[in-house]
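All ligand and atom numbering here is 1-based and tracks the order in the structure.
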Amino acid sequence: MSGVHSTSGGRGARRAAGAVCGLLAAFAGLAAARLAAAVVRPEASPVTAVGGAVVDRTPPVVKEWAVRSLGTADKPVLTLGIVVVLGLVAVAAGVLAVRRPRAGIAVAACFGLVGAVAALGRPGATWKDALPSLLGGLVAAWVLHFAVRAATRRRPAGTGGTGDGGASGTGGAGSLDRRGFGRLVLATTAVSAGAWYAGRRLGAYGSAGATTSRADLVVPPPAVPAPPVPAGAQVRARGVSPFLTPARDFYRVDTALVVPRVDAADWRLRVHGDGVTKPLTLDLRALLARPLVEHDITLTCVSNEVGGPYAGNARWLGVRLADLLREAGVRPPSRGGRADQLVARSVDGMTIGTPIEAVMDGREALLAVGMNGEPLPFAHGFPVRMVVPGLYGYVSACKWLSELRLTTFAAYDAYWVRRSWAQQAPVKTQSRIDTPRPLAEPAAGRVVVAGVAWALHRGVSRVEVRVDGGPWQEARLADSDGDDTWRQWLWPWEATPGRHTLEVRATDRTGAVQTGKRRATVPDGATGWHAVTVRVRAGDTGRSAADTGGARRTLRPWS
Ligand SMILES: Nc1nc2c(c(=O)[nH]1)N[C@H]1C(S)=C(S)[C@@H](COP(=O)(O)O)O[C@H]1N2
Ligand SMILES: [Mo]
């Protein structure tokens with residue numbers, strides 16, 4: 001920063017001061033909005049609201065790219081992107097404001113409006129949701145106004161210039177009052193940071209009731225417990241995913257930028273719609289008074305690429321959905337029922353449409369309250385979510401459930417269907433090589449190839465592996481835990497030095513072989529065989545254990 005002492009203030013310096021003013025205004029505005037949102041509701045915070053609006057409008061191709069390349073980091077990356085854009089606009093508005101104060105302030109106010117419109121468009125929004133952004137816009141405009149004034153104010157004649165930083169101190173009357181400006185920047189930053197922190201604390205306070213309600217929830221034991229998972233369901237090879245996925249490792253796919261935290265005491269489920277002769281409204285107590293069923297179900301996402309990570313297996317505890325629907329007077333289409341689609345709605349406005357026929361055909365479709373022996377984690381739908389064996393999550397597994405409405409597929413398209421995904425989507429047969437990892441360098445000799453396969457609600461009857469396009473070889477299957485879960489498999493490979501590609505395919509109990517035809521995830525799930533390429537090293541046995549993930553030592557058939 002040089003030239004600040006010229007009477008014009010120096011163009012570069014004025015720009016820099018403007019940029020600082022812009023950023024300061026943006027931070028103050030966001031902090032004020034966040035504090036207000038903690039009172040209104042967390043989803044009404046401008047960055048969250050704009051983020052939510054962006055998520056809902058993201059074309060499937062972009063979303064698929066984001067899920068593929070960013071994985072579960074897609075949400076932080078989106079938030080960061082919004083903050084960066086906001087920062088750039090703030091800098092531009094600040095630079096503009098130095099020359100034309102009104103224009104800069106108008107930009108700040110406009111940003112408040114953008115946030116307000118986004119917040120009003122969110123599911124479940126009321127007029128109050130506009131307030132945090134409007135307040136934020138006002139605060140930003142106000143801070144910008146004063147900051148720009150301070151930045152461009154000239155020091156009165158005769159005051160000393162020692163605070164002017166590296167400059168000579170010769171700045172006299174007419175030079176910029178940098179000390180005053182610096183103080184304003186510091187003070188505003190401190191107040192904004194305080195507001196930001198208060199917003200965080202208040203937000204936690206706001207959801208404290210939900211947190212306590214989960215901690216205090218006593219889930220009754222199942223009337224119909226699941227048999228223990230067979231010991232032989234887990235292959236003993238390092239690198240294979242655990243048969244039951246711990247909740248903290250369970251993949252998470254949803255559109256929620258802030259995880260809804262529902263207080264169990266406030267939770268209600270409404271069941272209504274076509275063919276419902278007895279509409280129901282249940283609270284959690286009424287739901288838990290019903291017989292609970294425990295069932296192991298593998299859940300997977302339609303966005304899962306071949307070989308991808310978006311599949312998890314859990315022991316779910318819940319109420320049989322079919323029984324509840326029958327009590328409400330619902331009949332499946334095959335018994336003359338009018339409705340063929342069950343639309344589940346969540347507290348955050350998600351809609352998920354499930355075939356009523358599938359829900360009522362005898363499979364264990366659940367309104368789940370428990371996952372692996374605990375109440376559902378907030379991220380996985382506390383207090384109640386749906387789980388239906390054999391269907392992708394986007395057509396079956398509504399989290400933070402609030403409503404079940406019966407209608408037809410002809411009359412209504414749920415959230416993802418409006419975004420080019422199929423109305424109905426049974427899970428396709430898939431198999432995955434968990435070990436060796438791609439580009440691993442095992443030593444020649446015996447290498448354990450192992451992984452998981454699923455043909456949900458049909459059951460896996462065979463898994464085969466081939467090397468470099470050679471003949472298919474039958475893998476050993478781990479014990480089955482029923483047809484609604486994935487099944488592990490293992491194949492001992494006599495690996496020869498060089499580059500090799502391993503492929504896997506599964507066959508379901510109907511005899512249908514997993515197709516090798518490569519298809520994208522849109523519209524109803526990816527197909528193709530998972531392939532892993534490795535480079536097998538010649539002979540030095542010393543390093544083999546490490547490079548095969550120790551599998552040689554653990555090759556102990558469970559059969
Ligand atoms: N409310 C709500 N429920 C939802 C979703 C969502 O975005 N919002 N995503 C669905 C999708 S696409 C999948 S694959 C599963 C994932 O469940 P999980 O996050 O518990 O693994 O939840 C389903 N339920
Ligand atoms: Mo999904």
Side-chain angles (χ1 to χ4, degrees), residues 43 51-52 54-56 58 60 63-64 66-68 71-72 74-75 78 122-124 241 244-262 267 269 297-305 308-316 318 342-354 365-372 374-404 414-428 430 454 456 486 520-526:
E43 293 84 344
V54 171
V55 168
D56 286 357
T58 303
K63 192 210 139 212
E64 283 310 277
V67 167
R68 199 162 49 239
T72 34
D74 58 349
K75 283 174 189 138
L78 171 67
R122 302 310 301 149
S241 7
L244 281 177
T245 316
R248 65 172 182 285
D249 298 334
F250 208 95
Y251 81 96
R252 183 185 153 205
V253 172
D254 55 56
T255 58
L257 292 179
V258 270
V259 171
R261 295 172 88 89
V262 178
W267 181 82
L269 175 69
I297 300 170
T298 296
L299 182 62
T300 178
C301 181
V302 70
S303 297
N304 195 43
E305 304 274 329
Y310 301 132
N313 183 40
R315 174 154 286 199
W316 306 94
L342 179 70
V343 177
R345 180 179 291 272
S346 71
V347 298
D348 65 334
M350 172 56 59
T351 52
I352 286 185
T354 309
L366 299 179
L367 295 184
V369 292
M371 180 181 189
N372 294 340
E374 299 260 330
L376 292 177
F378 285 108
H380 295 288
F382 182 84
V384 182
R385 78 174 303 171
M386 257 176 70
V387 198
V388 182
L391 306 181
Y392 286 117
Y394 87 103
V395 286
S396 68
C398 190
K399 306 194 271 190
W400 314 295
L401 188 64
S402 70
E403 185 197 320
L404 293 172
Y415 182 93
W416 299 106
V417 178
R418 279 179 256 140
R419 288 162 179 79
S420 71
W421 297 91
Q423 274 193 326
Q424 303 202 29
V427 179
K428 293 175 176 169
Q430 268 300 339
W454 58 85
L456 300 177
W486 59 16
T521 54
V522 181
D524 60 0

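Counting heavy atoms from C-beta on, the side chains of D524 and K428 come closer than 4.5 Å. Annotation: side chain of W416 is in contact with side chain of M350 (closest heavy-atom distance under 4.5 Å).
Taking a 4.0 Å cut-off on heavy atoms, I352 registers as neighbouring ligand 1.
If you look at S346 next to ligand 1, the close heavy atoms, those under 4.0 Å, all belong to the side chain. Of all the heavy atoms of F250, the ones lying under 4.0 Å from any atom of ligand 1 belong exclusively to the side chain. Under 4.0 angstrom from ligand 1, the non-hydrogen atoms of R252 come from both its backbone and its side chain. Neither the backbone nor the side chain of V302 comes within 4.0 Å of ligand 1, counting heavy atoms alone.
Of all the heavy atoms in L299 and A397, the pair that sits closest is CD1-CB, 3.8 Å.
Screening S402, P260, P123 against D348 for a side chain to side chain contact (heavy atoms under 4.5 Å, CB included) leaves a single residue, P260.
In summary, the atoms of ligand 1 found under 4.0 Å from a heavy atom of C301, numbered by their order in the structure, are 14 (S). Heavy-atom contacts of L299 reach the following atoms of ligand 1: 17 (O) (cutoff under 4.0 Å). In summary, the atoms of ligand 1 found under 4.0 Å from a heavy atom of D348, numbered by their order in the structure, are 1 (N).
Remark: ligand 1 and W416 share no N or O pair separated by less than 3.5 Å (distance only, no angle test). Where the criterion is an N or O separation shorter than 3.5 Å, residue side chain and backbone included, K399 meets it with respect to ligand 1. Polar contact check, W400 against ligand 1: no nitrogen or oxygen pair lies under 3.5 Å apart. Polar contact check, A397 against ligand 1: a nitrogen or oxygen pair lies under 3.5 Å apart. Close N/O approach between Y251 and ligand 1 is found [any backbone or side-chain N/O within under 3.5 Å].
Ring geometry for F250 against H380 counts as perpendicular: the plane angle is over 60°, on a 0 to 90° scale with 30° as the lower cut.
Atom 15 (C) of ligand 1 has its nearest heavy-atom neighbour, among M371, M386, R385, in R385.
M350 CG, 3.5 Å is the protein heavy atom nearest to atom 2 (C) of ligand 1. The protein atom (non-hydrogen) at minimum distance from atom 12 (S) of ligand 1 is Y394 CB, 3.6 Å. The protein heavy-atom contact nearest to atom 10 (C) of ligand 1 is V253 O, 3.8 Å. Scanning the protein for heavy atoms near atom 6 (C) of ligand 1, the closest one is D254 CB, 3.4 Å.
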